[in-house]
Participant: 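Questions regarding the structure given below will be posed in turn.
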Amino acid sequence: MTETTEKAILAGGCFWGMQDLIRKRPGVLDTRVGYTGGDVPNATYRNHGTHAEAIEIVYDPEKLSYRDLLEFFFQVHDPTTKNRQGNDVGLSYRSAIFYTDEQQRRVAEDTITDVDASGLWPGKVVTEVSPAGPFWEAEPEHQDYLERNPGGYTCHFVRPEWKLPRRGESAD
């Protein structure tokens with residue numbers, strides 16, 4: 001990364017839907033989908049072991065804060081379903097934040113506390129917070145999938161009424 005960009009790595013189910021929504025956020029400069037957080041080197045779609053399907057996001061922190069990115073992440077996927085999003089079930093589809101430094105870890109844990117306190121989801125957040133490790137870029141056919149296949153499957157969507165209050169603020 002440069003002095004003017006930062007990187008975030010998030011997993012919230014099928015990487016296609018996450019990429020399609022996150023890439024449209026102001027301040028997002030680049031995205032790529034891949035596999036991380038698992039046990040297989042050189043992971044591929046056919047062989048990714050315990051890795052999660054994830055998205056690597058390069059963004060401009062002057063235009064988009066890490067906190068705001070995480071709030072959007074929690075808005076577009078259900079962080080209370082363990083190893084599942086929509087019809088996708090399994091460890092690959094878990095909710096996870098892979099932090100790149102201690103500040104990201106603190107912001108992630110604080111945001112999860114706020115999500116739990118908000119009552120916006122019916123259960124407790126099961127999103128794992130782990131240090132970032134190797135990120136294995138997915139095959140070309142998985143990159144930008146929903147741009148190339150606009151009618152393709154996704155279980156992610158923007159919940160327009162979902163606004164995360166911070167502890168001590170009213171939900172209204």
Side-chain angles (χ1 to χ4, degrees), residues 1 5-25 27-59 64 66-67 69-109 111-112 115 121 123-159:
M1 296 300 84
T5 64
E6 292 184 15
K7 178 171 63 172
I9 303 169
L10 306 173
C14 176
F15 46 31
W16 298 337
M18 294 295 295
Q19 183 181 39
D20 191 56
L21 294 173
I22 288 174
R23 72 160 17 109
K24 297 171 184 169
R25 303 300 298 168
V28 171
L29 304 173
D30 193 31
T31 61
R32 65 182 182 142
V33 297
Y35 315 96
T36 194
D39 61 351
V40 175
N42 303 306
T44 66
Y45 187 74
R46 299 261 179 250
N47 181 27
H48 57 269
T50 60
H51 286 293
E53 288 194 6
I55 176 172
E56 183 182 77
I57 305 144
V58 176
Y59 65 99
L64 177 67
Y66 188 63
R67 168 69 186 222
L69 179 59
L70 292 183
E71 287 185 20
F72 186 72
F73 168 71
F74 285 115
Q75 182 188 29
V76 300
H77 88 289
D78 183 345
T80 67
T81 54
K82 187 166 179 68
N83 300 331
R84 178 183 192 134
Q85 286 299 307
N87 294 328
D88 296 326
V89 179
L91 196 57
S92 299
Y93 305 110
R94 68 188 182 270
S95 177
I97 298 168
F98 299 96
Y99 59 88
T100 61
D101 60 31
E102 282 304 302
Q103 181 177 344
Q104 281 191 355
R105 181 191 60 77
R106 285 190 301 274
V107 171
E109 290 173 352
T111 305
I112 289 169
V115 172
W121 287 107
K124 289 290 184 190
V125 171
V126 297
T127 304
E128 75 179 59
V129 178
S130 302
F135 184 90
W136 309 101
E137 185 172 358
E139 298 78 358
E141 63 268 22
H142 297 294
Q143 305 297 329
D144 310 313
Y145 181 82
L146 289 174
E147 280 193 342
R148 293 181 289 104
N149 300 280
Y153 169 77
T154 183
C155 58
H156 299 93
F157 60 94
V158 175
R159 292 157 175 89

Participant: Which residues satisfy the ring pair (Phe, Tyr, Trp, His ring centres under 6.0 Å) test with Tyr35, sequence neighbours excluded?
Facilitator: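 Ring pair (Phe, Tyr, Trp, His ring centres under 6.0 Å) list for Tyr35, sorted by chain: Phe15, His48.
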Participant: Can you tell me if Glu53 uses its side chain to pair, donor with acceptor, with the backbone of Ala138 under 3.5 Å?
Facilitator: no
Participant: Answer yes or no: is there a side-chain heavy-atom contact under 4.5 Å between Ile97 and Phe74?
Facilitator: yes
Participant: Which heavy atom of Tyr93 sits nearest a heavy atom of Cys14, and at what distance?
Facilitator: CD2-N, 3.7 Å
Participant: So do Leu21 and Phe72 actually touch side chain to side chain, heavy atoms under 4.5 Å?
Facilitator: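 Yes, side chains in contact.
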Participant: Would you say that Ser95 contacts Phe73 through its side chain, given a criterion of any heavy-atom pair below 4.5 Å between the two side chains?
Facilitator: yes
Participant: A side-chain contact here means heavy atoms from C-beta on lying under 4.5 Å apart; do Trp16 and Thr154 qualify?
Facilitator: no
Participant: At what distance, to the nearest 0.5 angstrom, does CD1 of Ile9 lie from CZ of Arg32?
Facilitator: 8.0 Å
Participant: Report yes if some heavy atom in the side chain of Gln104 is under 4.5 Å from a heavy atom in the side chain of Phe98; otherwise report no.
Facilitator: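 Counting from C-beta outward, Gln104 and Phe98 never come under 4.5 Å.
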Participant: Compare all side-chain heavy atoms of Tyr153 with those of Asn87 and state whether any distance is below 4.5 angstrom.
Facilitator: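 Result yes, sub-4.5 Å side-chain heavy-atom pair found.
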Participant: Quick check: do Arg159 and Phe157 have side-chain heavy atoms less than 4.5 Å from each other?
Facilitator: yes
Participant: Within a strict 4.5 Å, meaning less than it, do heavy atoms of the Glu147 and Gln19 side chains meet?
Facilitator: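 Result no, sub-4.5 Å side-chain heavy-atom pair not found.
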Participant: Among all residues two or more places apart in sequence or in another chain, which pass the side-chain contact (heavy atoms from CB on, under 4.5 Å) test with Asn47?
Facilitator: Val40, Thr44
Participant: Is a donor on one side and an acceptor on the other found under 3.5 Å between the side chain of Tyr59 and the backbone of Arg25?
Facilitator: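 No; judged by distance alone, with no hydrogens or angles, the pair does not exist.
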Participant: Distance check, rounded to the nearest 0.5 Å: Ser92 atom OG versus Gln85 atom CD?
Facilitator: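 Ser92 atom OG to Gln85 atom CD measures 12.5 Å (nearest 0.5 Å).
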Participant: Under a 3.5 Å distance rule, please check whether Asp39 uses its side chain to pair with a backbone N or O of Thr50 as donor and acceptor.
Facilitator: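 At least one qualifying donor-acceptor pair exists.
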Participant: Measure the CG-OH distance between Asp101 and Tyr66 for me, rounded to the nearest 0.5 Å.
Facilitator: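 The distance works out to 8.0 Å.
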Participant: What's the shortest heavy-atom distance between Thr36 and His51, and which atoms?
Facilitator: C-ND1, 3.1 Å
Participant: Does Gly12 offer a backbone N or O that forms a donor-acceptor pair with the side chain of His156 under 3.5 Å?
Facilitator: yes
Participant: How many angstroms lie between atom NZ of Lys82 and atom CD of Glu128, to the nearest 0.5 angstrom?
Facilitator: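 Answer rounded to 0.5 Å: 8.0 Å.
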Participant: Output all residues satisfying side chain to side chain donor-acceptor pair (under 3.5 Å) with Arg84, sequence neighbours left out; order by chain, then residue number.
Facilitator: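 Result, side chain to side chain donor-acceptor pair (under 3.5 Å) vs Arg84: none returned.
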Participant: Heavy atoms only: give me the nearest Arg148-Gln143 pair and the separation to one decimal.
Facilitator: NH2-O, 2.8 Å
Participant: Name the residue from Leu70, Val125, Thr127 that meets the side chain to side chain contact (heavy atoms under 4.5 Å, CB included) definition with Val115.
Facilitator: Val125
Participant: If you round to the nearest 0.5 Å, how far is CG of Leu146 from CE of Met18?
Facilitator: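 Rounded to the nearest 0.5 Å, the CE-CG separation comes out at 12.5 Å.
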Participant: Testing the basics here: between Gly123 and Thr80, what is the closest heavy-atom pair and its distance to 0.1 Å?
Facilitator: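 Closest approach of Gly123 to Thr80, heavy atoms only: O-CG2, 3.2 Å.
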Participant: According to ring pair (Phe, Tyr, Trp, His ring centres under 6.0 Å), who are the partners of Tyr99, at least two apart in sequence or on a separate chain?
Facilitator: none
Participant: For Val126, is there any backbone N or O sitting under 3.5 Å from a side-chain donor or acceptor partner on Arg94?
Facilitator: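 No, Arg94 side chain to Val126 backbone: no donor-acceptor pair under 3.5 Å.
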Participant: Only counting residues at least two apart or in another chain, list the ones meeting salt bridge (Lys or Arg N to Asp or Glu O under 4.0 Å) with Glu139.
Facilitator: none
Participant: Holding to side-chain contact (heavy atoms from CB on, under 4.5 Å), I want the full list of residues that pass it with Arg106, two or more places apart in sequence or in another chain.
Facilitator: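 Applying side-chain contact (heavy atoms from CB on, under 4.5 Å) to Arg106 gives Glu102, Gln103.
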Participant: Could you grab the distance from atom CG of Leu29 to atom CD1 of Ile57, nearest 0.5 Å is fine?
Facilitator: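 The CD1 atom of Ile57 is 11.5 Å from CG of Leu29, to the nearest 0.5 Å.
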